[in-house]
There are 2 protein chains.
Amino acid sequence: MALSHAILVSLLDRPQSGYDLAKRFDRTVGFFWKVSHQQIYLELHKLARSGWVASAPVEPSERPNRIAYQLTEDGRKALDQWMLEPTEPPNFKEEMIVKLFALEASNRDTIRKEIERRRDLHTQRLAHYQALMAEHYPEPARLSARRRGRYLGLRMGIVTEQTTIAWCEEAIACIDLDAPKRTKSDPARPR
Amino acid sequence: MALSHAILVSLLDRPQSGYDLAKRFDRTVGFFWKVSHQQIYLELHKLARSGWVASAPVEPSERPNRIAYQLTEDGRKALDQWMLEPTEPPNFKEEMIVKLFALEASNRDTIRKEIERRRDLHTQRLAHYQALMAEHYPEPARLSARRRGRYLGLRMGIVTEQTTIAWCEEAIACIDLDAPKRTKSDPARPR
DNA sequence: ACGATATACGCAACAGATTGCATATGCAAA
DNA sequence: TTTGCATATGCAATCTGTTGCGTATATCGT
């Protein structure tokens, strides 16, 4: 049950509505962990039923249809308990690997282009993460505990993208290892 | 629908039963993609209903309760179609990041130990992958197309584990950056 | 005044995946 | 001979997560 606990962690900071949580997810871990707003509303209802969160008073200045939730004592205890439990390595369903397993039986040109597309996509993501890093963490050595956790999350994003890009380059070079040599004037690539 | 296509790709090789497929999954991509045997049996039924696989004759020498499936013409077409579709980057629900987001509010010692545990686990996985690499792909430059796809899958496993281990080391070093200095004779670590 | 966009919540149906249970055979070790 | 293990399949319940739809209000530009 990772999402519910991610919500609890976010509520440690301050009371938030489902909408707030969804936006915050998108801005922080959203790139490598997609969560739909439906899922968040659903989890909030469940957490409320468990008594781990409760509706928080909404400032009269805010919209009336907004429902903010705050962490309860029970929720805080549940979170502390969860922190003690071991984490599983995430599993990682990379469809590219499945396609590569079919390398012999399928069109190499298609696969190569797809890996190139993925490489470009990850290059964009990396640039985005690096911009965030430069903007928010110019001096990592001097961060508060609160910001250090977020910094490490972003670092994971960066090293993951770098690794993925390097792997894509390796895969592109590897796919045609047995193909006949090509020249610039004859760039046709055989199947 | 990635699992169903992974099954189709595996059946490209030869007809297989659910049990065969499950074992093969465990031996190949199983480390980073856990699939239960139930899920495989379920998908096989679905694929059979769609007409993408069909029961294959079972050798009389084999156990009678074994049901092997083979790819049909339709299944092969569906697979070719799927190869043309773009792949999404996998999403990657790393619970450690959620825990790190709670760094300020929780026990650092617990988090540090958990990251050390994860680092050790990934170190074991890496050793396992490297053993597989040495055993099966001692000379990567001379592989057939069939084996090259599998080689690249294993390479992805290796670089992913290496990256994860390096990130764990970085995180361990980073967690206590603001803690008072410790000596070997006084290894107590404050919260 | 109108439309676009952002805010804000939720239901219903489905798909994907896990967990626990049930069943049955064959083989080898204690 | 009994116990346990590997082989081999499957149901039912549950949980997790997605997709599509529906409903509002507020804000802002034209």
Side-chain angles (χ1 to χ4, degrees), chain A residues 1-8 10 15-27 29-30 32-50 52-53 55-69 82 88-95 98, chain B residues 1-8 10 15-27 29-30 32-50 52-53 55-69 82 88-95 98:
Chain A
M1 262 216 264
L3 177 56
S4 58
H5 291 95
I7 289 173
L8 296 180
S10 194
Q16 282 166 92
S17 69
Y19 197 84
D20 293 334
L21 288 161
K23 272 200 311 177
R24 218 174 175 201
F25 248 98
D26 282 347
R27 272 188 294 108
V29 291
F32 41 95
W33 185 355
K34 303 265 183 209
V35 181
S36 64
H37 58 138
Q38 274 77 355
Q39 189 63 16
I40 286 171
Y41 289 124
L42 206 71
E43 291 292 340
L44 277 173
H45 287 304
K46 279 190 207 166
L47 288 169
R49 276 200 297 279
S50 312
W52 291 2
V53 302
S55 306
V58 170
E59 297 288 315
S61 65
E62 294 186 77
R63 288 152 184 271
N65 52 350
R66 194 169 170 279
I67 306 168
Y69 292 89
W82 177 73
E88 287 292 305
N91 65 340
F92 179 108
K93 302 178 193 179
E94 177 55 89
E95 298 193 7
V98 177
Chain B
M1 261 215 264
L3 177 57
S4 56
H5 291 95
I7 289 173
L8 296 181
S10 193
Q16 283 166 91
S17 69
Y19 196 84
D20 293 334
L21 287 161
K23 271 200 309 178
R24 216 172 176 205
F25 248 98
D26 283 347
R27 273 189 292 109
V29 292
F32 41 96
W33 185 354
K34 303 265 182 208
V35 182
S36 64
H37 58 138
Q38 275 76 357
Q39 189 63 16
I40 287 170
Y41 288 123
L42 206 71
E43 290 294 340
L44 277 173
H45 287 305
K46 280 191 209 167
L47 288 170
R49 276 201 299 279
S50 311
W52 293 0
V53 303
S55 305
V58 170
E59 296 289 317
S61 64
E62 295 185 74
R63 287 151 184 272
N65 52 349
R66 195 169 170 280
I67 306 167
Y69 293 88
W82 177 74
E88 286 294 303
N91 66 340
F92 182 99
K93 303 180 191 176
E94 177 55 90
E95 298 194 8
V98 178

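Values reported hereafter were calculated over all heavy atoms of this structure, with side chains retained and with hydrogens, waters and symmetry mates removed.
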### Message
If you assign Val35(A) and Tyr69(B) each to the DNA chain D nucleotide with the nearest heavy atom, which residue ends up on the more 5' nucleotide?
### Response
Tyr69(B)
### Query
Can you find a pair of side-chain heavy atoms, one from Trp52(B) and one from His5(B), that are under 4.5 Å apart?
yes
Side chains of residues 17-26 of chain B: which donor-acceptor pairs under 3.5 Å do they make with residues two or more places apart or in other chains?
unit_1	atom_1	unit_2	atom_2	d
Ser17(B)	OG	Tyr19(B)	N	3.4
Ser17(B)	OG	Asp20(B)	N	3.1
Ser17(B)	OG	Asp20(B)	OD2	3.1
Asp20(B)	OD2	Ser17(B)	N	3.0
Asp20(B)	OD2	Arg66(B)	NH2	2.3
Arg24(B)	NH1	Ser10(B)	O	3.3
Arg24(B)	NH1	Ser10(B)	OG	2.8
Arg24(B)	NH2	Asp13(B)	OD2	2.6

### Message
Can you identify which nucleotide, out of dT9(D), dT18(C), dG17(D), has its nearest atom closest to the Ser17(B) side chain?
### Response
dT9(D)
### Message
As an exercise, state the distance from CD1 of Ile7(B) to CD of Glu43(B), rounded to the nearest 0.5 Å.
### Response
5.5 Å
### Query
Among dG17(D), dT16(D), dA17(C), which is the nearest nucleotide to the side chain of Lys93(B)?
dG17(D)
### Message
Quick check: closest heavy atoms across Val53(A) and Tyr69(A), and the distance to 0.1 Å?
### Response
CG2-CD2, 3.8 Å
### Task
When you get a sec, tell me which of dT18(C), dA8(D), dG10(C) is the closest nucleotide to the side chain of Ser36(B)?
dT18(C)
### Task
Please work out if His37(B) contacts a base, only the sugar-phosphate, or nothing of the nucleic acid, heavy-atom cut-off 4.0 Å.
base
### Query
Atom OH of Tyr19(B) to atom P of dG10(D): distance rounded to whole Å?
14 Å
### Query
When the distance from CG of Leu3(A) to C1' of dC15(D) is rounded to whole Å, what number comes out?
13 Å
### Task
Verify side chain to side chain contact (heavy atoms under 4.5 Å, CB included) between Glu94(B) and Phe92(A), making sure each step is shown before the conclusion.
CA-CA 10 Å; Glu94(B) 177 55 90; Phe92(A) 179 108; over 6 Å; no
### Task
Look at the side chain of Gln38(B) and the base of dG20(C), then say whether one donor and one acceptor between them are separated by less than 3.5 Å.
yes
### Query
Starting at CH2 of Trp33(A) and ending at C1' of dT16(D), how long is that distance when rounded to a whole Å?
12 Å
### Query
What nucleotide among dC9(C), dT18(D), dG16(C) has an atom nearest to a side-chain atom of Gln39(A)?
dT18(D)
### Message
Measure CG/Leu44(B) against P/dG16(C) and give the value in whole Å, please.
### Response
15 Å
### Message
Just the rounded figure in Å: distance from C1' of dT9(D) to NZ of Lys23(B).
### Response
15 Å
### Message
Just N and O in the side chain of Lys46(B): are any of them under 4.0 Å from OP1 or OP2 of dG16(C)?
### Response
yes
### Between P of dT7(D) and OH of Tyr41(B), the distance in whole Å
11 Å
### Query
Over how many whole Å does the gap from His45(A) atom NE2 to dT16(D) atom C1' extend?
16 Å
### Leu42(A) CG - dT18(D) C1' separation (whole Å)
11 Å
### Query
What nucleotide among dG10(C), dA8(D), dG10(D) has an atom nearest to a side-chain atom of Ile67(B)?
dG10(D)
